[in-house]
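Predicted model, so just to flag it, every value in this text is computed and none were measured.
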Amino acid sequence: MKKRFPYTLLFCCLLILGITTPKLSAQELDCRLSVVSTKITSGDKTVFDVLSKALNQFVNGRKWTNIQFQSQERIPCSMTIDIQEYNQSTGQIKAYLSVQLRRQCFKSTYTSTMLNIIDKDFSFRYIKNDPLEYNDNSIGTNLTATIAFYAYIILGNYMDSGYPRGGESFFERAQNIVMQAQSLNEQGWRPSEKNDKNRYWIAENYNNGNYQAIHEVIYRYFRLGMDMMYDHPDQGRTNILEAVSQLNALKRMRNNLACVQLFLESRADELVNIFQPAPQEERQKAIDLFVEVDPSNVAQYRKIAGGAR
């Protein structure tokens, strides 16, 4: 089934280029946000239903940018808050937060994973019907600060994939949250923590000029690579190899960069499927590169050698 280039990305490209378009009326995110409380076996669990409804309104009912989208072109994503501990008397909650973003490819029903994050450094206080307050200059609680942070990371990645450095302003907003969150005394926001993929390092990597190639990687991989696979698969694979080569250069610059780890998360199966139909010489080039940049998935990448079946 053929599909047009996703309107949201096209609209954003036109906006960045200064080309006017008709005004549209919808928020940017279409986020499926769920609160899972199966680990909590006592107390009033209706608080989690109330929290889920409030957070869905917070994320999906809010304007995160100055760009207005058509309702059918909002960015599909998901967040899952898996409650690990709950103190009913104080409202203190410890949870794992999962964040997913997938992007539909040009002329295809296939969606490619852009983000698959699990944040285990997430705790907050919530009493039933507490208001969820946030603005970019006053981040409020750790709950709203963390959700807003990932909303901007989602927007930054999605916009980067449609136009060179299209997500820059959203990554800057995420970093602004990190700076303000230093006063919260909560985990996940500081460079001194053991987790090299926490919120601090995610924002730092996307905004650090030394690692600016990550934005070219995202654009080249998705817009010049995945979006070309329907009409020009040879050129698409060439651009994907170039993107992964740039990613490898970032890895050589500094190991365990958060932005590199996030890009590679859930990427192996996709790369195998893309390069199995390639000519033998190209398959071997791909295997050598992928094994170097992502050695934890060597067995997967070696499947490319057998070609398409």
Side-chain angles (χ1 to χ4, degrees), residues 2-31 60 63-78 99-117 150-174 202-203 205-207 211-233 235-244 246-247 259 262-267 270 274:
K2 292 187 178 181
K3 287 185 177 287
R4 295 175 299 168
F5 180 60
Y7 182 86
T8 300
L9 289 175
L10 175 61
F11 179 82
C12 294
C13 294
L14 294 175
L15 184 72
I16 294 171
L17 290 169
I19 301 173
T20 58
T21 59
K23 290 186 177 180
L24 308 172
S25 56
Q27 283 70 31
E28 305 88 346
L29 299 181
D30 180 15
C31 183
N60 294 310
K63 285 291 297 171
W64 297 97
T65 78
N66 294 325
I67 305 168
Q68 296 185 27
F69 298 170
Q70 288 186 339
S71 58
Q72 69 271 26
E73 298 296 344
R74 295 168 72 183
I75 301 169
C77 54
S78 65
V99 180
Q100 290 86 29
L101 170 63
R102 296 180 66 84
R103 179 190 182 279
Q104 185 173 312
C105 300
F106 184 38
K107 288 187 178 181
S108 172
T109 57
Y110 178 76
T111 57
S112 177
T113 298
M114 294 200 71
L115 291 172
N116 186 22
I117 301 170
Y150 284 115
Y152 283 133
I153 294 299
I154 286 170
L155 284 162
N157 274 271
Y158 193 84
M159 299 306 183
D160 260 4
S161 76
Y163 192 81
R165 299 191 70 85
E168 185 172 28
S169 65
F170 307 110
F171 291 126
E172 289 174 352
R173 293 184 195 184
I202 291 173
N205 283 190
Y206 284 128
N207 287 282
Y211 313 137
Q212 63 182 347
I214 188 60
H215 306 289
E216 173 65 17
V217 168
I218 294 170
Y219 175 71
R220 184 174 293 276
Y221 185 93
F222 290 100
R223 184 67 190 97
L224 303 184
M226 298 300 293
D227 284 345
M228 293 189 71
M229 289 302 297
Y230 184 92
D231 288 324
H232 306 286
Q235 186 60 51
R237 288 195 304 269
T238 297
N239 287 330
I240 287 171
L241 280 176
E242 177 59 29
V244 178
Q246 289 177 292
L247 193 74
C259 62
L262 292 182
F263 187 90
L264 288 173
E265 191 73 36
S266 305
R267 188 70 56 204
E270 180 172 85
I274 290 170

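Of all non-hydrogen atoms in V99 and I154, the two that sit nearest each other are CG1-CD1, 3.8 Å. Nearest heavy-atom pair, S112 versus F222, reported as atom, atom and distance to 0.1 Å: OG-CE2, 3.3 Å. Residues I153 and A174 approach most closely at CD1-CB, 3.8 Å, considering heavy atoms.
Tested against D227, the residues Q104, R103, H232 include a single side chain to side chain contact (heavy atoms under 4.5 Å, CB included) partner, R103.
Note that the CD1 atom of I67 and the CD atom of Q27 stand 13.5 Å from one another [nearest 0.5 Å]. For the atom pair F106 CZ and M228 CE, the distance stands at 10.0 Å (nearest 0.5 Å). Between atom CZ of residue R237 and atom CE of residue M229 there is a gap of 5.5 Å, rounded to the nearest 0.5 Å. To the nearest 0.5 Å, atom CG of residue L262 and atom CD1 of residue I214 are 8.5 Å apart. Atom-to-atom distance recorded for Q246:CD and I218:CD1 is 11.0 Å, nearest 0.5 angstrom. Taking CE from M114 and SG from C77, the interatomic distance works out to 12.0 Å, rounded to the nearest 0.5 Å.
With sequence neighbours left out, the side chain to side chain contact (heavy atoms under 4.5 Å, CB included) criterion links N60 to L29, C31, N56, R74. Take R102 and apply the side chain to side chain contact (heavy atoms under 4.5 Å, CB included) test, not counting sequence neighbours, and it matches T111, T113. For E265, the salt bridge (Lys or Arg N to Asp or Glu O under 4.0 Å) test picks out K197, with sequence neighbours left out. Listed by chain and number, the residues in a side-chain hydrogen bond (donor to acceptor under 3.5 Å, both in side chains) with Q212 amount to none (sequence neighbours excluded). Among residues two or more places apart in sequence or in another chain, the ring-ring contact (aromatic ring centres under 6.0 Å, His included) test is passed with Y150 by none. Residues that satisfy the side-chain hydrogen bond (donor to acceptor under 3.5 Å, both in side chains) test with N205, not counting sequence neighbours, are absent from this structure.
The closest donor-acceptor contact from the side chain of N239 to the backbone of L224 lies under 3.5 Å. Put simply, the side chain of E242 never gets that close to the backbone of R220: no donor and acceptor are under 3.5 Å apart. A donor-acceptor pair is defined here as one N or O able to donate and one able to accept, closer than 3.5 Å; such a pair exists between the side chain of D160 and the backbone of G166.
The closest side-chain heavy-atom distance from Y221 to R267 is below 4.5 Å.
Relative orientation of the F171 and Y206 rings is parallel, given thresholds of 30° and 60° on the angle between their planes.
Checking E270 against Y110 by side-chain atom types alone, a donor-acceptor pair falls below 3.5 Å.
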